[in-house]
**Q** 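I'd like to ask some things about the structure below.
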Amino acid sequence: MAAGDAIPLHLYLCPLNLPGLSGEQQARLLETLPVDEQQKVTRYRMASAREKGLLVRCYLRALLSQAHGQLSQCQLNQSPLSQSQLNADLNGAIAPSEWCFDYLDKGKPVLAEPFFARSQLVFNLSHSGDYMLLAIAQAPQLELGVDIERLRVNTNIHAILNHYFTHQERDALLALPSARQRQRFFDLWALKESYIKAKGMGLALSLKSFYFELSDSEPRTMNFKGLDARQARLEQAARLFLVEEDSKHEASEQEETSPGEQLTQPAAGWQSMLGQLDDEYRFALSLSSVKPIDWRCELVDPQTLFAD
């Protein structure tokens, strides 16, 4: 497949634990948000939650502007336009404070129509612990979902397995050595969340209506560039399957369904990827395309991004 067929995908890893962020800096960042978002941030009672809520919103806006500018410049460099046309297009930059958002029926945030029409950007974000992960692509028809998960040692994984995982996922996990089961649980959970978020249906999409198969393979290295560059491991062997319940045997989320009552098939037109930052953090992406991905990964430096 030609390089031009690849989907340019910006993947930003954003630190949320910023002990050096002063109250004055937070106040300046808050002023850059529209009033309704300021109110959402200030509703948090705990200072740590307010800071994370502020950073998530400011990262999103600043990085949408950055990605839009970079993708637009890339397109212009490849287009035979006159200088006046180039100048006109470059003047179409969108400032971080300008972006407006809408929400789908189940709450998935998307760009408001005028900004989507101007930028053609789709995005999805997730945050857990000390990091936010943001994916941005210029692919108007793309369904895109991301999730980042911090491994939690106190989570009762077996209770969740029985309620929300398919028997294929559960059986594969329980066949692993006990020392690997907790990590595999969070691997699968990140993948399942990424697909649900891509579909934009929330928990209206049953977690047992699809499953992932993971097999051991040699991971590839993913480099997050930046001042404090770091590497992640990207797995290539996450396969998505859709489950159709036999109409004669309707089962609820809490009921057990035997393998004979299910019809399964690979999810055509989808690809999902699992990555690991380290033993504590893993992330997943699901997208409605089988085109290759032109990865543009960055570990964001907030001091540079939010500089006046």
Side-chain angles (χ1 to χ4, degrees), residues 7 103-110 122-128 133 135 137 139 141-149 151-152 155-176 181-215 235-275 282-291 293:
I7 299 175
Y103 297 88
L104 302 183
D105 289 345
K106 301 299 180 181
K108 181 178 181 177
V110 296
V122 294
F123 72 92
N124 198 240
L125 65 87
S126 172
H127 53 90
S128 180
L133 188 71
Q141 305 303 318
L142 188 70
E143 295 176 275
L144 173 65
V146 300
D147 189 59
I148 184 168
E149 293 288 338
L151 187 145
R152 297 179 288 279
T155 300
N156 184 345
I157 66 171
H158 297 288
I160 297 173
L161 274 177
N162 291 330
H163 284 290
Y164 299 116
F165 282 44
T166 66
H167 74 84
Q168 293 94 339
E169 292 167 326
R170 185 180 65 243
D171 293 349
L173 183 149
L174 295 177
L176 293 174
Q181 290 181 9
R182 183 168 293 273
Q183 286 198 352
R184 178 53 57 87
F185 169 87
F186 282 101
D187 290 344
L188 289 169
W189 191 260
L191 284 163
K192 290 174 84 71
E193 283 280 347
S194 73
Y195 179 64
I196 280 183
K197 293 177 69 179
K199 296 300 292 180
M201 296 172 62
L203 292 180
L205 178 64
S206 167
L207 287 164
K208 285 189 175 181
S209 66
F210 62 95
Y211 68 91
F212 285 93
E213 278 188 0
L214 293 172
S215 58
E235 305 286 347
Q236 295 295 302
R239 297 185 64 204
L240 172 63
F241 291 82
L242 305 181
V243 177
E244 294 182 11
E245 300 294 348
D246 191 319
S247 60
K248 297 179 181 179
H249 301 280
E250 295 183 357
S252 70
E253 287 278 349
Q254 287 72 33
E255 292 175 338
E256 202 61 34
T257 306
S258 69
E261 296 171 355
Q262 292 180 333
L263 302 173
T264 67
Q265 59 180 349
W270 282 82
Q271 60 178 311
S272 297
M273 288 138 285
L274 172 69
R282 69 262 303 118
F283 60 91
L285 296 90
S286 290
L287 56 156
S288 61
S289 173
V290 294
K291 289 183 178 181
I293 296 175

**Q** Measuring from atom OG of S289 to atom CD of E143, what distance do you get when rounded to the nearest 0.5 angstrom?
**A**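 Here the rounded value is 11.0 Å.
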
**Q** So L207 and L203, side chain to side chain contact (heavy atoms under 4.5 Å, CB included) or not? Walk me through it.
**A** CA-CA 7 Å; L207 287 164; L203 292 180; 4.2 Å; yes

**Q** For a quick test of reading the model, state the closest non-hydrogen atom pair linking S126 to D147 and the distance between them.
**A**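 Heavy atoms only, the tightest pair is OG-OD1, 3.2 Å.
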
**Q** Kindly give the heavy-atom pair with the smallest separation between S128 and I148, and that separation in Å.
**A**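 Heavy-atom minimum between the residues: CB-O, 3.3 Å.
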
**Q** Do S288 and L142 have side chains that approach each other closer than 4.5 Å (heavy atoms only, starting at C-beta)?
**A** yes

**Q** Is there a side-chain contact between D187 and E235 (heavy atoms, below 4.5 Å)?
**A** no

**Q** Rounded to the nearest 0.5 Å, what separates atom OG in S209 from atom NZ in K199?
**A** 10.0 Å

**Q** What closest approach, in Å, do P266 and R239 show between heavy atoms, and which atom pair accounts for it?
**A** CG-NH2, 4.3 Å

**Q** Ignoring hydrogens, what is the shortest heavy-atom contact between A284 and S194? Give both atom names and the distance.
**A**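 Where A284 meets S194 most closely, the heavy atoms are O-CB, 3.7 Å.
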
**Q** Working to the nearest 0.5 angstrom, can you tell me the gap between L133 CG and R282 CZ?
**A** 13.5 Å

**Q** Enter the distance from L174:CG to Q181:CD here, rounded to the nearest 0.5 Å.
**A**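 One gets 5.5 Å once the value is rounded to the nearest 0.5 Å.
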
**Q** Going by heavy atoms in the side chains, are I157 and W189 under 4.5 Å from each other?
**A** no

**Q** Is the backbone of K108 close enough, under 3.5 Å, to the side chain of K197 for a donor and an acceptor to pair up by distance?
**A**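 Such a contact is absent between K197 side chain and K108 backbone.
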
**Q** Using the six-membered ring wherever Trp is involved, compare the ring planes of Y211 and F241 and label them parallel, tilted or perpendicular (cut-offs 30° and 60°).
**A**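 Rings of Y211 and F241: parallel, as their planes differ by under 30°.
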
**Q** Begin from the C-alpha positions of R184 and L214 and carry the test side chain to side chain contact (heavy atoms under 4.5 Å, CB included) through to its verdict.
**A** CA-CA 9 Å; R184 178 53 57 87; L214 293 172; 3.6 Å; yes

**Q** Would you please classify the geometry between the F185 ring and the F165 ring as parallel, tilted or perpendicular, with 30° and 60° separating the classes?
**A**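 Ring orientation of F165 relative to F185: parallel.
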
**Q** Carefully, step by step, assess E169 and L161 under the rule side chain to side chain contact (heavy atoms under 4.5 Å, CB included).
**A** CA-CA 8 Å; E169 292 167 326; L161 274 177; 5.8 Å; no

**Q** Take atom CG in D105; do more than 12 heavy atoms of anything else shown fall under 6.0 Å from it?
**A**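 Not buried by this count: 12 neighbours or fewer within 6.0 Å.
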
**Q** Any idea which heavy atoms bring L188 and L173 closest together, and the distance?
**A** CD1-CD1, 4.4 Å

**Q** Can you sort out the partners of Q168 under side chain to side chain donor-acceptor pair (under 3.5 Å), two or more places apart, ordered by chain and number?
**A**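 With sequence neighbours excluded, Q168 shows a side chain to side chain donor-acceptor pair (under 3.5 Å) to T166, Q262, given in chain and number order.
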
**Q** Mark yes or no: K192 above the aromatic ring of F212, with NZ or CZ under 6.0 Å from the six-membered ring centre and no more than 45 degrees from the axis.
**A** no

**Q** Is there a side-chain contact between L287 and Q271 (heavy atoms, below 4.5 Å)?
**A** yes

**Q** Nearest 0.5 angstrom please: L191 CG to S272 OG, how far?
**A**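 If I round to the nearest 0.5 Å, the distance is 6.0 Å.
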
**Q** Please report the shortest heavy-atom distance between A204 and K106, naming the atom on each side.
**A**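 Heavy atoms only, the tightest pair is CB-CE, 3.8 Å.
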
**Q** In Å, rounded to the nearest 0.5 Å, how long is the span from OH of Y164 to CZ of R170?
**A**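 Reported value, rounded in 0.5 Å steps: 14.5 Å.
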
**Q** Test side chain to side chain contact (heavy atoms under 4.5 Å, CB included) on V243 and K208; report intermediate values, then the result.
**A** CA-CA 7 Å; V243 177; K208 285 189 175 181; over 6 Å; no

